[in-house]
Undergrad: 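The structure under discussion is supplied below as structure tokens; questions concerning it will follow.
Every chain is numbered from 1, with letters handed out A, B, ... down the list of sequences.
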There are 2 protein chains.
Amino acid sequence: MDLTGSLALLWGDRPGPRRGPKPALTHDLIARAGIAIADAEGLAAVSMHRVAADLGFTKMSLYRYVPGKAELVALMADLAMGAPPADLGGGDRCARLRAWALALLPGFLRHPWVLEATTGPRVVGPNELAWMEAALAQLDGTDLGGAARMDVLAVLAGHVRGIAQQAATTPGGDAGTQLGAILAEVVRERGDRYPAVKAALAEAAEGGEDEALGFGLDLILDGLRARLGEPAGADPTQS
Amino acid sequence: MDLTGSLALLWGDRPGPRRGPKPALTHDLIARAGIAIADAEGLAAVSMHRVAADLGFTKMSLYRYVPGKAELVALMADLAMGAPPADLGGGDRCARLRAWALALLPGFLRHPWVLEATTGPRVVGPNELAWMEAALAQLDGTDLGGAARMDVLAVLAGHVRGIAQQAATTPGGDAGTQLGAILAEVVRERGDRYPAVKAALAEAAEGGEDEALGFGLDLILDGLRARLGEPAGADPTQS
DNA sequence: TTTTATTTGTGTATGTTAGACACAGTTTTT
DNA sequence: AAAAACTGTGTCTAACATACACAAATAAAA
């Protein structure tokens with residue numbers, strides 16, 4: 001894993017002068033082809049051969065643009081998530097952080113494989129850094145230390161990721177429904193050993209509403225408001 | 001991905017009567033061999049051949065015990081995380097949830113690959129379910145709905161995962177330090193476009209203390225306390 | 001304008017991986 | 001003793017990432 005190589009690649013540090021024939025492909029084109037495959041058939045379906053073939057080229061020609069598969073996936077992930085919204089709306093700091101977190105979700109839902117692609121050590125791309133910047137900027141002027149700010153970020157992003165991951169397995173497509181069904185089956189058969197899970201599951205299936213993301217965010221942001229000494233914002237779920 | 005198969009496997013639903021020779025291996029033995037490899041060299045180093053070889057057997061003999069690699073990894077992950085602590089200590093509900101989350105961390109730190117292995121759709125094993133049960137049991141008697149309880153779980157576990165993931169890339173070993181160094185380098189070169197990240201990073205590197213896990217947990221649990229209408233517990237970071 | 005250096009796209013080859021399948025040896029049941 | 005069932009193994013295939021060398025193309029240098 002040559003991380004230094006993929007850095008220059010992700011950040012577009014290409015040497016200028018060329019002499020040979022003009023390259024027929026671009027990073028953008030390649031990444032888009034990979035994204036299309038991953039969206040339709042999952043990250044496992046993305047192979048050098050497949051991406052190249054979809055572009056009408058040979059597998060080996062891809063290596064002229066990308067050092068390896070890891071870098072290709074990094075490129076795909078950074079492009080798929082896109083840039084953060086320029087405007088997080090009005091409201092106080094925490095409301096804007098809430099908007100930020102909410103804005104993060106659609107990307108994960110549209111490209112569930114990004115969750116897989118961004119676990120473990122990786123190179124942070126321009127878009128990912130832009131998302132970080134957008135959130136951290138909201139914490140300017142607070143008395144939080146650098147580590148604490150990073151931590152607020154981690155909590156928020158972690159929660160969104162968790163929700164996205166949960167959502168990615170739920171919709172009725174492939175193994176998703178199976179997973180839910182199997183979990184339910186296990187709990188039904190051996191539910192006596194897991195009463196709390198059984199109860200929560202039953203009640204969740206009954207009530208049905210999943211405002212999971214909002215609920216968790218409110219939890220976190222209420223805590224943050226208290227920590228910052230700011231007044232509680234408008235909160236629809238509590239009087 | 002045959003999820004039904006791995007379910008019976010993870011939960012030990014083996015058919016009773018045997019006629020042929022006694023099996024030389026057990027799921028436990030196989031999983032431990034895999035865990036040893038993953039701990040030492042990462043999840044990528046775990047292959048059927050490698051695990052079998054380390055046990056002194058042929059690759060194909062493993063398939064007598066495990067339907068495929070996915071099931072092997074699921075087995076490894078469930079065993080590696082182990083059972084939740086029987087006693088979460090005294091204190092109020094939120095203090096016990098805090099203890100639960102803190103107890104979750106060492107497993108992730110000892111076996112960083114579990115993060116990778118438990119992203120995406122998977123079969124939930126006995127230990128994972130036991131962890132869920134332990135946390136959900138603390139929410140008994142609250143007015144939270146089933147979905148909300150699951151969500152509290154997701155927020156807490158998600159945060160611990162995030163911290164573990166961050167920690168997994170930090171310690172000075174392989175690509176970890178590189179990643180941090182590269183991020184720092186990117187920010188140093190182009191820091192003007194990411195002032196908030198730059199500031200947070202600089203301050204974090206300076207201050208140094210990373211009570212990241214505790215900070216985030218307090219954030220979440222403060223929010224939860226407010227939601228539950230319980231008084232704030234003893235909190236060392238606030239008067 | 002000719003030559004030369006450089007870069008692209010490709011074909012071929014290698015090593016690794018997951019998994020299918022059939023077979024021989026072993027053990028329990030009949 | 002015979003039959004049935006199960007285990008461990010060897011062989012085989014297909015997919016994959018990646019190394020390497022080569023021909024065609026193209027821009028800079030002569």
Undergrad: From the list dT7(D), dT9(D), dA27(D), which nucleotide is the closest neighbour of the side chain of K22(A)?
TA: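 My answer, after comparing the listed nucleotides, is dA27(D).
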
Undergrad: Rounding to a whole Å, what distance do you find between M60(A):CE and dG9(C):P?
TA: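 In whole Å, dG9(C) P lies 12 Å from M60(A) CE.
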
Undergrad: Where is the tightest heavy-atom contact between D39(A) and W113(A), given as atom of each residue plus distance?
TA: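 Minimum heavy-atom contact is OD1-NE1, 2.7 Å.
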
Undergrad: At under 4.0 Å between heavy atoms, what does S61(B) touch on the DNA or RNA strands: base, sugar-phosphate, or nothing?
TA: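 Result for S61(B) = base.
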
Undergrad: Write down the distance between CZ (F57(B)) and P (dC6(D)), rounded to a whole number of angstrom.
TA: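 Computing the F57(B):CZ to dC6(D):P distance gives 19 Å.
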
Undergrad: Using every non-hydrogen atom in the two residues, find where T58(A) and A52(A) come nearest and quote the distance to one decimal.
TA: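 The answer is O-CB, 3.3 Å.
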
Undergrad: Can you work out whether P21(B) or T58(B) has the more 5'-proximal nearest nucleotide on DNA chain D?
TA: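 Final value for this comparison: P21(B).
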
Undergrad: Is there side-chain contact between V152(B) and F215(A), with heavy atoms separated by less than 4.5 Å?
TA: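 Result yes, sub-4.5 Å side-chain heavy-atom pair found.
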
Undergrad: Can you see if the side chain of Y65(B) gets near the phosphate of dG8(D) - specifically, an N or O under 4.0 Å from OP1 or OP2?
TA: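 Looking at the OP1 and OP2 atoms of dG8(D), one of them is under 4.0 Å from a side-chain N or O of Y65(B).
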
Undergrad: Taking the side chain as every heavy atom from C-beta outward, state whether L72(A) and V66(A) have any pair of such atoms under 4.5 Å apart.
TA: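 Yes. Closest side-chain heavy atoms under 4.5 Å.
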
Undergrad: Whole-Å distance between dT7(D) C1' and L55(B) CG?
TA: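 Those two atoms, CG and C1', are 15 Å apart.
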
Undergrad: What is the distance, to the nearest angstrom, from the CZ atom on R50(A) to the P atom on dA17(D)?
TA: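 My rounded result for the distance is 12 Å.
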
Undergrad: So if I take residues 25-33 of chain A and measure heavy-atom distances to DNA chain D, which residues fall below 4.0 Å?
TA: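 Within residues 25-33 of chain A, no residue comes under 4.0 Å of DNA chain D.
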
Undergrad: Assuming nearest nucleotide by heavy-atom distance, tell me which of G68(A) and G56(B) is located more 5' along DNA chain D.
TA: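 The residue mapped nearer the 5' terminus is G56(B).
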
Undergrad: Nearest whole angstrom, please: distance from the P of dC12(D) to the NE2 of H49(B).
TA: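 Whole-Å distance recorded here is 18 Å.
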
Undergrad: Between dT13(D) atom C1' and M48(B) atom CE, what is the distance in whole Å?
TA: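 After rounding, the reported distance stands at 17 Å.
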
Undergrad: How close do H159(B) and D151(A) get, heavy atom to heavy atom, and via which atoms?
TA: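 Taking every non-hydrogen atom into account, CE1-OD1, 3.4 Å.
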
Undergrad: Is it the case that the base of dG19(C) and the side chain of K69(B) share a donor-acceptor contact (distance under 3.5 Å, atom types as modelled)?
TA: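 By the distance-only test, no, there is no pair.
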
Undergrad: What is the distance, to the nearest angstrom, from the CZ atom on R19(B) to the P atom on dT28(C)?
TA: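 R19(B) atom CZ is separated from dT28(C) atom P by 11 Å.
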
Undergrad: Do you know the tightest heavy-atom contact between W100(B) and A135(B)?
TA: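 For W100(B) versus A135(B), the nearest heavy atoms are CE2-CB, 3.5 Å.
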
Undergrad: Could you give the CZ-to-P distance, from R64(A) to dA24(D), as a whole number of Å?
TA: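 After rounding, the gap between these two atoms is 16 Å.
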
Undergrad: Answer yes or no: side-chain N or O of K59(A) and base N or O of dT10(C) forming a donor-acceptor pair under 3.5 Å.
TA: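 Not at all, since no donor on one side and acceptor on the other fall under 3.5 Å apart.
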
Undergrad: Can you give me the closest heavy-atom contact between P85(B) and W131(B), atom names plus distance?
TA: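 In terms of heavy atoms, the two residues are closest at CD-CH2, 3.6 Å.
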
